[in-house]
Amino acid sequence: MKSFANLAAIAGGLALFAAFPPLGIWPLAIVGVALLVGALEGRSWFGSFWIGTLFGFAFFFPLFDWARIASGVVIAQIGLSVAEALYIGAMAIVWQGLMRGRLGSFVTLRALTLPLVWIAFEQLRGTWPFGGMPWGTLGFSQVDSPLVRLAPWGSVMLVGFFVVAIAVLLEWCVKTAIERRLGNAIIAVACGGALLYAPMFLPLGARADSYITAGFVQGIVPDEATLGPDESRALTVTENLVKSTDNLPGDPDVVFWPESASDRDPRTSDDARDLIDQASQSLGVPLVLGTQSYPGENRYNEYVVWMPDGTIAGSYSKQHPIPFGEYMPYKDFFRNFTDAVDLVTIDMLAGTEPAVLDVELANETLTIASPICFEVAETQIVAEAVRGGAELIIVPTNNASFGESAESAQQFDMTRFRAIEHGRTAVQVSTVGVSGVVEPNGVTREVTEPWTEDARTVRVGLRSELTFAARFSQFLLIGTYIAGGALSVLGLINIVRHRLPRQ
């Protein structure tokens, strides 16, 4: 039994991984969570912690392969995977308590309580410590599933709730079928099917209030080994974007470049300013691009509105720098384990203003949400920007450090989710791909190939109507924490009342 539980946990974690890109087989998210529920049947509190952690590591380790590629050391992938897996291990203890005694003998109660605990722990790991790591949030695996139509009503929390509830019913169906309680098995699978397909009748995407023509440019990041002794990698990236912008078809109202389009601050670097002025003046329209500013010994990651006259009309600084990637917390402590901490030479500071930018077009003011790179995974950052008047979501990103991994495709699925959730057209624009446009109904168009230079002009709709998820995102989060916290206390109490031998 113990070896079966271990195998089920590993298989479940791998199944959940397969629900995300590069494979993207969304039903496997339900199968993976169902295997975790089954593996926890009859475990002790310690056994539950082990099973949950094992499941989490099997899920996160392959999901975070980009961490190894970006850092150059496998310990980064292992450390991040273990840290995230521990959350699932702790959650599994609570699940075990809720599955015991009379409370756990009713599948309806299981299907209500276990999902609430899952999404509460998921939100916790997405916010703490160091601002959290929401990568691998369950809802993001469902962008091609009927369940994604729940996103405008409850964001990743509601979609994740339904995934876990269906998984609980699936596990119960298999369990009762093995016990030859076929009536219960049929009822469980019928209820699970109803939960899965009922959202298909929910509408997606409001009509656009107006339209603009937007250009987006995917330059390319050169291999540093190919550069000459007098060539700058940072300037070459900007030069490539200028060349690609020259090939932009049509007459756009505004053009978007990616994150890190100019790693040299054009406010202080004449070379960078000249290149950006060249593109902006040629276009004759606002150019919105990613750059850096360097106050003292630190830096900000910014997205700025560059006008044809060379002025910066607005800027947004990334609110959630990535720990161990964009800044190194407790550097002296972690240096005891690896000198890789010194790869982060300039720590990034956190911005404090919402991810909203106003762009003055010829005939109107365009307001965009501009979550930078990983911030698209942050529910509250994107929702705050939409509530702040954003009519369009732009996700500038620089995926050059992640090689041929699935990081960019995983991020593009998050952009797809946010478009559906907020009823906004969303554009992801990357240095190396994937770039593309997502409509509020989840349909994608103008999707680029990775590691290719490309420039597209697209007609995009602007919308102002707020979805329920955007309007009440903070209350959804608070409600999730309250419900999850109360159930966690109840689960721990139940663990004590119904002790099992250590196994």
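All residue numbers in this chain count up from 1 along the given sequence. Please read these numbers as outputs of a predicted model, since none were measured by experiment.
- Contact check for Phe20 versus Asp413: no side-chain heavy atoms found under the 4.5 Å cut-off.
- A distance-only check finds a donor-acceptor pair linking the side chain of Arg418 to the backbone of Ala377 [under 3.5 Å].
- Between Glu391 and Arg463 there is no salt bridge, since no side-chain N of the basic residue sits under 4.0 Å from a carboxylate O of the acidic one.
- Under a 3.5 Å cut-off, the side chain of Ser430 and the backbone N or O of Ser435 do not form any donor-acceptor pair.
- The local environment of CG in Asp309 is crowded, with over 12 non-hydrogen atoms from other residues, nucleotides or ligands closer than 6.0 Å.
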Contacts table for residues 120-129: side-chain donor-acceptor under 3.5 angstrom, sequence neighbours left out:
| residue | atom | partner | partner atom | Å |
| --- | --- | --- | --- | --- |
| Glu122 | OE2 | Trp118 | NE1 | 3.1 |
| Glu122 | OE2 | Leu138 | N | 2.7 |
| Arg125 | NH1 | Glu84 | OE1 | 2.9 |
| Arg125 | NH1 | Met133 | O | 2.8 |
| Arg125 | NH1 | Trp135 | O | 3.2 |
| Arg125 | NH2 | Trp135 | O | 3.2 |
| Arg125 | NH2 | Gly136 | O | 3.3 |
| Thr127 | OG1 | Gln123 | O | 3.0 |
| Thr127 | OG1 | Leu124 | O | 3.2 |
| Thr127 | OG1 | Tyr481 | OH | 3.1 |

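- Using a distance-only test at 3.5 Å, with no hydrogens or angles considered, no donor-acceptor pair links the side chain of Thr311 to the main chain of Ala313.
- Side-chain atoms of Gln142 never come within 3.5 Å of backbone atoms of Val159 as a donor-acceptor pair (strictly under, hydrogens ignored).
- Annotation: side chain of Pro258 is not in contact with side chain of Thr397 (no heavy-atom distance under 4.5 Å).
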Given the rule in the side chain to side chain contact (heavy atoms under 4.5 Å, CB included) test, do Thr367 and Leu357 qualify, once you have shown the distances and angles that lead to the verdict? CA-CA 6 Å; Thr367 303; Leu357 281 174; over 6 Å; no

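- Using a cutoff of 4.0 Å between basic side-chain nitrogens and carboxylate oxygens, Lys318 and Glu375 are not scored as salt-bridged.
- The closest donor-acceptor contact from the side chain of Ser155 to the backbone of Ala151 lies at 3.5 Å or more, if one exists at all.
- Between Phe412 and Phe417, the gap from one ring centroid to the other reaches at least 6.0 Å.
- Between Gln428 and the choices Thr415, Thr448, Asn399, the side-chain hydrogen bond (donor to acceptor under 3.5 Å, both in side chains) rule is met once, by Thr415.
- Here the side chain of Trp451 pairs no donor or acceptor atom with the backbone of Gly433 at under 3.5 angstrom.
- Applying the ring pair (Phe, Tyr, Trp, His ring centres under 6.0 Å) test to Phe468 and every residue at least two apart in sequence or in another chain returns Phe472.
- Glu302 has a carboxylate O that lies under 4.0 Å from a charged side-chain N of Arg267, or vice versa, which qualifies the two as a salt bridge.
- Here the side chain of Thr467 pairs a donor or acceptor atom with the backbone of Glu421 at under 3.5 angstrom.
- Between the Glu453 side chain and the Val432 main chain, no donor and acceptor come within less than 3.5 Å of each other.
- A salt bridge is defined here as a Lys NZ or Arg NE, NH1 or NH2 lying under 4.0 Å from an Asp or Glu carboxylate O, and Arg299 with Asp265 fails to meet this definition.
- A donor-acceptor pair is defined here as one N or O able to donate and one able to accept, closer than 3.5 Å; no such pair exists between the side chain of Ser282 and the backbone of Ala279.
- A distance of 10.5 Å separates CG in Asn240 from CG in Leu275, rounded to the nearest 0.5 Å.
- Residues passing the side-chain contact (heavy atoms from CB on, under 4.5 Å) test with Pro321, sequence neighbours excluded: Glu326, Tyr327, Met348, Ala350.
- Of the possible donor and acceptor atoms, one in the side chain of Thr457 sits under 3.5 Å from a partner among the backbone N and O of Pro249.
- With sequence neighbours excluded, the residues that form a side-chain contact (heavy atoms from CB on, under 4.5 Å) with Pro266 are Ser262, Ala272, Arg273, Ile276, Thr291, Trp306.
- Thr365 pairs by the side-chain contact (heavy atoms from CB on, under 4.5 Å) definition with Asp358, Glu360, not counting sequence neighbours.
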Going by atom type alone, with no hydrogens or angles, which donor-acceptor pairs under 3.5 Å involve a side-chain atom of residues 473-480 and a protein atom two or more places apart or on another chain?
| residue | atom | partner | partner atom | Å |
| --- | --- | --- | --- | --- |
| Ser473 | OG | Gln380 | OE1 | 3.0 |
| Ser473 | OG | Arg387 | NH1 | 2.8 |
| Thr480 | OG1 | Leu476 | O | 2.8 |

